[in-house]
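What follows is one structure encoded as structure tokens, with my remarks underneath.
Computed from a predicted model, the values in this text were never measured in an experiment. So that the names make sense, note that chain A is the first sequence line, chain B the second, and so on, each numbered from 1.
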Protein chains: 2
Amino acid sequence: MPSRYDSGMSDASVEHLAATLDLQTVRVVRQIAEHGSLTAAAASLGYSQPAVSQQLQRFEERTGIALVERVGRGIRLTESGRVLARHAFAVTTALEAAAGELAEIRGLRAGRVRLVAFPSASATLVPRLIASLASEYPGVAVTYVEAEPPEAVEAVRADRADLAITFSYPGDRDDPHRASARGLDVRAYGDEPMQLVLPEGHPAAESDVIMLDRLAGEPWIAGCPRCRGHLLELAGAAGFTPRIAFETDNFVAVEGMVAQGLGVALLPALALEASPRHPGIVTRPTARADVRSLHLVTARGAERVPAIGATLAALEALAAG
Amino acid sequence: MPSRYDSGMSDASVEHLAATLDLQTVRVVRQIAEHGSLTAAAASLGYSQPAVSQQLQRFEERTGIALVERVGRGIRLTESGRVLARHAFAVTTALEAAAGELAEIRGLRAGRVRLVAFPSASATLVPRLIASLASEYPGVAVTYVEAEPPEAVEAVRADRADLAITFSYPGDRDDPHRASARGLDVRAYGDEPMQLVLPEGHPAAESDVIMLDRLAGEPWIAGCPRCRGHLLELAGAAGFTPRIAFETDNFVAVEGMVAQGLGVALLPALALEASPRHPGIVTRPTARADVRSLHLVTARGAERVPAIGATLAALEALAAG
DNA sequence: CGAATGCATGCCGTCGCGTTATGATTCCGG
DNA sequence: CCGGAATCATAACGCGACGGCATGCATTCG
């Protein structure tokens with residue numbers, strides 16, 4: 001014969017109980033344990049007294065677990081109530097720890113951003129960026145690795161980096177705007193002028209700008225594979241196929257070779273800025289003012305990550321300054 | 001100049017953030033961290049996919065904290081998301097621990113009940129009660145202390161006991177039904193017959209029941225103060241004032257004195273049951289079938305505490321059996 | 001014995017939070 | 001290169017949880 005004293009749901013599962021435990025009840029019970037009365041708990045939580053009263057009633061009806069019992073004109077926690085209050089401390093403490101860390105990240109007092117950029121940015125753009133971030137947000141950790149555009153984009157996709165600085169040139173078959181960056185955010189970050197590099201005294205250097213086809217017969221010193229692709233693209237448009245005499249991805253070496261009269265080269269402006277101007281060379285823009293485009297690649301929505309947003313903002317400031 | 005990349009709420013307080021952290025988001029993020037996709041997290045939580053999608057959006061709008069970023073056709077957690085996921089484990093673990101303990105109590109596999117009862121119940125009612133509880137609910141801890149009714153009620157009020165077994169007699173000025181138990185629950189637990197105790201061979205023992213006034217001239221052996229009060233009350237109703245020859249709260253001693261012919265006594269049935277019948281005495285009910293009433297006193301609503309409810313049910317079963 | 005205290009109750013408006021249906025991308029296989 | 005599957009976002013909608021306020025009831029205190 002069932003007693004009138006059984007709860008009627010004594011065998012409900014622990015999982016279901018955990019799923020129906022709500023934070024409000026946990027907070028309420030914690031405050032009741034600390035203040036001893038329902039009214040004081042309500043005031044402490046910024047609620048009206050009936051609110052917490054109903055909160056408890058809903059919980060008790062839902063779970064069949066009595067948390068408080070009336071005594072006189074007040075209440076006190078039952079055994080279950082005290083048990084929950086004890087755990088409530090652990091729960092709210094863990095939540096506050098989480099909130100603290102999130103606030104640190106949101107306030108840019110913590111966080112990290114993993115940069116990846118092409119090599120010629122390593123000596124110019126990236127150091128300035130890192131210095132700017134470090135002085136403004138000392139709590140944000142910045143890491144940096146070098147990688148050519150295709151690998152850089154892949155690093156973002158595979159979550160090995162947060163922000164990739166890439167470049168592309170018109171006609172580039174690996175243009176980050178195209179398929180390789182599908183599902184990512186790509187921001188244009190301005191254009192970088194291409195500079196022709198000639199030995200001092202080269203006849204073509206007499207004019208301020210140079211038609212590319214004037215150098216059709218020169219031996220060329222090519223850079224990295226993609227830079228070489230850009231050269232071939234531009235030369236093709238100008239109606240000739242350049243004769244590649246040397247190849248190296250070391251820009252300083254390129255300048256040295258040009259100074260030695262071994263050939264001419266086409267270098268992006270950043271590469272030339274990376275080191276003090278090598279003696280014995282001159283640089284001229286192309287007549288068509290050719291450029292390569294810079295891009296910032298992130299996961300979609302990543303600008304809302306404070307550290308990444310701050311990095312994007314710093315990059316904008318660098319471009320403007 | 002504010003950048004377009006700032007969140008717009010970077011200085012909101014940690015307290016506010018902790019207050020707006022909700023359990024659903026914590027659970028969702030935990031599942032996303034474990035399953036890697038929003039759809040799988042939804043399935044794991046038993047929700048539809050849009051539900052968790054909106055849950056995340058609401059959180060991000062409320063707090064300005066991005067938890068996920070899109071990549072390809074999927075998502076991944078941001079830095080903040082991973083931080084929250086890490087803490088989410090602590091939070092849900094603490095909640096599950098709480099749920100587990102509550103379920104144990106609800107399922108009567110744990111819990112405690114603190115009993116307090118009057119002395120003559122110690123040897124009869126209480127042992128049977130404890131034995132019954134111990135065999136049916138081995139996980140429930142039972143403690144017991146002896147106290148006379150006024151102190152027993154006070155123990156419940158002061159949270160030194162959960163359940164008091166008390167008695168009262170008609171006209172009792174300390175009747176638990178009255179002011180002393182204000183704000184508590186009082187349940188009637190039947191009546192206990194009062195028995196007159198006479199030495200063997202006493203002339204009044206020849207009849208099956210005894211009119212109290214037949215013993216008006218006898219010396220009386222009184223029990224505890226309240227028992228003495230009951231005797232005075234009944235004798236007063238019968239028209240005489242008993243002459244108290246001895247007083248002791250030791251019921252066995254009372255029986256011994258009666259057996260020695262030192263007087264007669266009025267004892268409750270439970271006191272007589274507590275020990276084997278003392279030789280040389282006989283017991284008879286009073287002609288008016290006088291009784292004292294038993295009561296069970298708890299905090300209001302305490303019957304919903306599983307261990308206390310089970311104790312009440314066990315007491316009912318004992319009374320019925 | 002009236003005033004004050006503490007909790008419960010009833011009523012009600014709002015909005016959080018689910019659902020289903022549908023759209024927009026992305027990825028994959030033929 | 002082109003459907004189809006997979007994944008998340010969006011829209012529309014309904015319900016119930018959850019607040020507040022006003023009020024009632026029991027207890028306690030002066």
B/Thr25 side chain to B/Phe59 backbone, donor-acceptor under 3.5 Å: no
So among A/Gln54, A/Gln55, A/Gln24, A/Gln31, which one has a side-chain hydrogen bond (donor to acceptor under 3.5 Å, both in side chains) with A/Tyr47? A/Gln24
Taking only N and O in the side chain of B/Gln24, is any of them less than 4.0 Å away from OP1 or OP2 of C/dG16? no
Which atoms form the tightest heavy-atom contact between A/Ile65 and A/Glu60, and what is the distance? O-CG, 3.2 Å
Report the distance from atom CD of B/Gln31 to atom P of D/dC8, rounded to the nearest whole Å. 14 Å
Nearest heavy atoms of A/Arg292 and A/Tyr169, plus distance in Å: CB-CB, 4.5 Å
Between C/dC28 and A/Arg182, is there an OP1 or OP2 to side-chain N/O distance shorter than 4.0 Å? no
Does A/Arg300 have a side-chain nitrogen or oxygen under 4.0 Å from the phosphate oxygens OP1 or OP2 of D/dA9? no
Backbone N/O of A/Phe167 and side chain of A/Arg226: donor-acceptor pair under 3.5 Å: yes
Please give the angle, rounded to 10 degrees, between the axes at the start and the end of the helix from C/dC1-D/dG30 to C/dG30-D/dC1, where five pairs define each axis. 30°
Rounded off to whole Å, could you give me the CD-to-P distance for the A/Gln55 and C/dG16 pair? 16 Å
For the student: nearest non-hydrogen atoms of A/Leu108 and A/Ala310, plus distance: CD1-CB, 3.9 Å
For the side chain of A/Arg157 and the backbone of A/Arg182, is there at least one donor-acceptor N/O pair under 3.5 Å apart? yes
Within residues 34-51 of chain B, which residues have any heavy atom lying less than 4.0 Å from an atom of DNA chain D? B/Ser37, B/Leu38, B/Thr39, B/Gln49, B/Pro50
Report yes or no: does B/Glu79 contribute a side-chain atom to a donor-acceptor pair with the main-chain N or O of A/Val305 at less than 3.5 Å? no
Of A/Arg73 and A/Val52, whose nearest nucleotide on DNA chain D comes first from the 5' end? A/Val52
Is any NZ, NE, NH1 or NH2 atom of the basic residue among B/Arg58 and B/Asp22 found under 4.0 Å from an Asp or Glu carboxylate oxygen of the other? no
So if I take every side-chain heavy atom of B/Gln54 and compare against D/dT28, D/dA11, C/dC7, which nucleotide ends up nearest? D/dA11
Using a cut-off of 4.0 Å on non-hydrogen atoms, how would the nucleic acid contact of A/Arg70 be classed: base, sugar-phosphate, or nothing? sugar-phosphate
Could you state the atom-to-atom distance from CD of A/Glu61 to P of D/dG16 in whole Å? 13 Å
I need the CZ-C1' distance between B/Arg58 and C/dT19, as an integer number of Å. 12 Å
If the cut-off is 4.0 Å, is A/Ser53 near the phosphate of C/dC7, judged by side-chain N/O to OP1 or OP2? no
